Colleague: 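Handing you this structure, nothing more for now.
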Amino acid sequence: MDCIFCAIIRGEIPSKKLYEDEAVYSFADINPQAPVHALVVPKKHIPSADAINGENADEVKKIFCAIPKIAASLGLKNGYRVITNVGEDGCQSVKHIHFHVLGGAKLPENMGV
Ligand code: DGP
């Protein structure tokens, strides 16, 4: 499968690793939108949040168990934002579910259109 995040997880494309366990990989976003911008992905390929179901929800649970550890390791003591973009209108550019963890400064309140 031609998935850039699967290639990153396999180590075929270099990334700045921030966290890894048996199910989750986290790395620095190549185009940071905040002083701290991590991406958190499941090692198992899931196309987007719209594809979460009873079969794969455990992978998402593991992501959300990892995020507080990743945030702590990045010094995000004062809060942060977790975002996942879905599909065309959500401006999802990489079709492997990923959670943006943004912080390190007061973020803009406005997230909508
Ligand atoms: P989204 O627009 O929600 O699909 O976010 C995809 C993010 O992935 C975007 O912020 C840039 C990041 N990204 C894309 N390709 C690479 C890459 O090869 N390496 C890294 N570190 N980040 C990437």
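These numbers come from a predicted model, not from an experiment. Order of listing sets the numbers, starting from 1, for every ligand and every atom in it.
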Colleague: Tabulate distances under 3.5 Å between N/O atoms of ligand 1 and N/O atoms of the protein, writing both atom names on each line.
Modeller:
from: ligand 1; atom 1: 2 (O); to: Cys91; atom 2: O; distance (Å): 3.1
from: ligand 1; atom 1: 2 (O); to: Ser93; atom 2: OG; distance (Å): 3.1
from: ligand 1; atom 1: 3 (O); to: Asn85; atom 2: ND2; distance (Å): 2.7
from: ligand 1; atom 1: 3 (O); to: His98; atom 2: NE2; distance (Å): 2.9
from: ligand 1; atom 1: 3 (O); to: His100; atom 2: NE2; distance (Å): 2.8
from: ligand 1; atom 1: 4 (O); to: Ser93; atom 2: N; distance (Å): 2.6
from: ligand 1; atom 1: 4 (O); to: Ser93; atom 2: OG; distance (Å): 3.0
from: ligand 1; atom 1: 4 (O); to: Val94; atom 2: N; distance (Å): 3.1
from: ligand 1; atom 1: 4 (O); to: His98; atom 2: NE2; distance (Å): 2.9
from: ligand 1; atom 1: 5 (O); to: His98; atom 2: NE2; distance (Å): 3.1
from: ligand 1; atom 1: 5 (O); to: His100; atom 2: NE2; distance (Å): 3.3
from: ligand 1; atom 1: 10 (O); to: Asp29; atom 2: OD1; distance (Å): 3.1
from: ligand 1; atom 1: 10 (O); to: Asp29; atom 2: OD2; distance (Å): 2.5
from: ligand 1; atom 1: 21 (N); to: Ala28; atom 2: O; distance (Å): 2.9
from: ligand 1; atom 1: 21 (N); to: Ile30; atom 2: N; distance (Å): 3.4
from: ligand 1; atom 1: 22 (N); to: Ile30; atom 2: N; distance (Å): 3.2

Colleague: Any Lys/Arg nitrogen of Glu20 or Lys43 sitting under 4.0 Å from an Asp/Glu carboxylate oxygen of the other?
Modeller: yes
Colleague: Quick check: does any side chain N or O of Asn56 sit under 3.5 Å from a backbone N or O of Ala51, one acting as donor and the other as acceptor?
Modeller: yes
Colleague: Check whether any side-chain N or O of Gln92 sits under 3.5 Å from a backbone N or O of Gly87 as a donor-acceptor pair, and report yes or no.
Modeller: yes
Colleague: Does Ser15 use its side chain to pair, donor to acceptor, with the backbone of Phe27 at less than 3.5 Å?
Modeller: no
Colleague: Any side-chain to backbone donor/acceptor pair from His45 onto Ile97? Under 3.5 Å, distance only.
Modeller: no
Colleague: Does the side chain of Ile4 reach to within under 4.5 Å of the side chain of Ile13, using non-hydrogen atoms?
Modeller: yes
